[in-house]
Amino acid sequence: MTTDWAEIACEVPSEMVDTLADFLVELTGNGVGIDNLHLDTFSLDTLEDTPLKSVKGYLPLDDSLEEMRIRVEQFLAQTGPSFPSYVYAPPVVTVIRNEDWANNWKVHFKPVRIGQRLVIKPTWEEYRKQEGDLVIQIDPGMAFGTGAHPTTKMCLEALERISFGAIGGKLPGPVLDVGTGSGVLSIAAALLGAEEIVAVDIDPEAVRVTIENLELNGVADRVAASTTSLEQLPGGFQVVVANILAEELVRLAAELTARVAPGGWLILSGILTEKEEFVCAAFTSLELVENPKELEWSCLSFRKPL
Ligand SMILES: C[S@@+](CC[C@H](N)C(=O)[O-])C[C@H]1O[C@@H](n2cnc3c(N)ncnc32)[C@H](O)[C@@H]1O
């Protein structure tokens, strides 16, 4: 079966999901997918419910697509305002090649170079290492973090830039990786020279996958991975990186800020560009140093004053 589809994804408050799903079923004649936004982009199925959901409809990839998209936009614009917490976000259309949806991500997960030295390689792929390459081997299992997602990629690039600017070209430590997923950022931090890394995730399955990936990459002795909560961790990290959604970053703002050592870095990712200001407003005690963007995502790197 090789039919291609267009997926149209709309981000709406939970209360609006049923209304939108009914509309999409009627419009498309197909089923809908309803993802908790955390689950969809970032995480596993043990997370609590979240106020925003992504509702996805599926349309054949043909001439009717643009008209269908406009009808979804009109529906959102007309119906959304009757839900108090609704904030308009345009529907996002993605083409889905339908060779085998279940294993598609494995097909598309190929060795990828990120920044100047980092290369992420799935365990099942061959890669011929070039001089200076820092190769991260990943088997993401059920955890998020193949490295290819723009939110992860921007964190990796930020970590590498910090290492370039540091004494001896080594990423300063200790490093704290909040929401480690597959462990990809912690492994990168270790390969970039950090001596001591703490990786935490609220999901025990992510921690299990991380531990496997740490061993696979020979860095398990430098990274402590666990489900320890932020409040239980000490402060004083030279680099804190957190790739979780904007709402969660804002909720954790005080805890994250407190974990950064004076002069240290805080890299925040998982932020839809339209939510950048919302996130910045929660971290005003830090100095915003850089703000790269890729697709609809923004990454924010702050420094804590000395
Ligand atoms: C988008 S994934 C990021 C994975 C990886 N760090 C990366 O950059 O690819 C987000 C991870 O954060 C975890 N997470 C979400 N909220 C969290 C919180 N409050 N504390 C710790 N981990 C959290 C999720 O379980 C998920 O594994």
Side-chain angles (χ1 to χ4, degrees), residues 35-52 54 105 109 112 114-115 118 120 122 136-160 175-190 192 197-214 217 223-233 237 239-259 266-272 275 279 282 292 294-301:
D35 290 338
N36 175 312
L37 265 190
H38 281 290
L39 302 186
D40 177 34
T41 44
F42 291 112
S43 142
L44 301 174
D45 53 8
T46 47
L47 270 184
E48 291 164 23
D49 212 7
T50 55
L52 279 180
S54 178
W105 69 273
F109 181 18
V112 52
I114 292 176
L118 295 166
I120 303 191
I136 302 171
Q137 294 203 66
I138 287 287
D139 188 342
M142 288 288 290
F144 180 100
T146 61
H149 196 274
T151 60
T152 311
K153 189 169 163 275
M154 288 190 285
C155 290
L156 292 165
E157 289 166 346
L159 289 172
E160 188 184 54
V175 173
L176 172 61
D177 173 12
V178 183
T180 191
S182 64
V184 59
L185 301 180
S186 289
I187 297 164
L192 287 167
I197 298 141
V198 174
V200 293
D201 202 293
I202 49 172
D203 195 311
E205 176 62 12
V207 172
R208 190 191 63 73
V209 171
T210 292
I211 291 170
E212 278 180 15
N213 282 322
L214 294 173
N217 286 275
V223 188
S226 71
T227 53
T228 307
S229 69
L230 263 184
E231 308 89 76
Q232 290 171 291
L233 293 170
F237 289 89
V239 178
V240 176
V241 60
N243 180 11
I244 38 185
L245 288 175
E247 289 74 9
E248 192 64 354
L249 293 171
V250 169
R251 191 180 72 77
L252 297 173
E255 294 292 346
L256 287 167
T257 304
R259 298 296 161 293
L266 176 63
I267 304 165
L268 302 180
S269 194
I271 304 163
L272 287 167
K275 297 197 173 149
V279 176
E294 193 170 321
L295 298 178
E296 70 269 42
W297 300 99
S298 290
C299 179
L300 301 168
S301 289

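Indexing begins at 1, ligand by ligand and atom by atom, following the structure's order.
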Review point. Gly181 heavy atoms, cut-off 4.0 Å: which ligand 1 atoms fall inside?
Key: 4 (C), 27 (O)

Point to revise | Test of proximity, Gly179 against ligand 1: N or O pairs below 3.5 Å | key: yes

Check your understanding: Which ligand 1 atoms are under 4.0 Å away from a heavy-atom of Thr152?
Key -> 7 (C), 8 (O), 9 (O)

Exercise for review: Classify the contact between Ile202 and ligand 1 as side chain, backbone, both or neither, using a heavy-atom distance cut-off of under 4.0 Å.
Suggested key: both

Exercise for review: Please name all residues satisfying salt bridge (Lys or Arg N to Asp or Glu O under 4.0 Å) with Glu296, sequence neighbours left out, ordered by chain then number.
Suggested key: none

Practice item. Give, for atom CG of Leu118 and atom CD1 of Ile187, the distance between the pair rounded to the nearest 0.5 Å. Key: 11.0 Å

Study note, to complete from the structure: So the atoms of ligand 1 within less than 4.0 Å of a heavy atom of Leu252 turn out to be 19 (N)

**Study point:** Modelled atom types, side-chain donor and acceptor of Thr180 and Asp177, under 3.5 Å
**Key:** yes

**Study point:** Non-neighbouring partners of Val207 that pass side chain to side chain contact (heavy atoms under 4.5 Å, CB included), sequence neighbours left out
**Key:** Asp201, Ile211, Ala225, Thr227

Review point. Looking at Asn243, which atoms of ligand 1 are within less than 4.0 Å of one of its heavy atoms?
Key: 1 (C), 2 (S), 3 (C), 7 (C), 8 (O), 9 (O), 10 (C)

Revision key, fill the gap. Val184 heavy atoms within 4.0 Å reach ligand 1 at atoms 7 (C), 9 (O)

**Study point:** Distance-only N or O hit between ligand 1 and Asp201, under 3.5 Å
**Key:** yes

Practice item. Might you work through the side chain to side chain contact (heavy atoms under 4.5 Å, CB included) test for Val241 and Val178, ending with a clear yes or no? Key: CA-CA 6 Å; Val241 60; Val178 183; over 6 Å; no

Point to revise | Check against side chain to side chain donor-acceptor pair (under 3.5 Å), Ser182 and Asn213 | key: CA-CA 7 Å; Ser182 64; Asn213 282 322; 4.8 Å; no

**Study point:** Numbered atoms and elements of ligand 1 in range of Thr180, under 4.0 angstrom, heavy atoms
**Key:** 4 (C), 5 (C), 6 (N)

Exercise for review: Considering the heavy atoms of Glu248, write down every atom of ligand 1 situated less than 4.0 Å from one of them.
Suggested key: 16 (N), 18 (C), 19 (N)

Check your understanding: Between Arg251 and Glu247, is the closest basic N to carboxylate O distance under 4.0 Å?
Key -> no

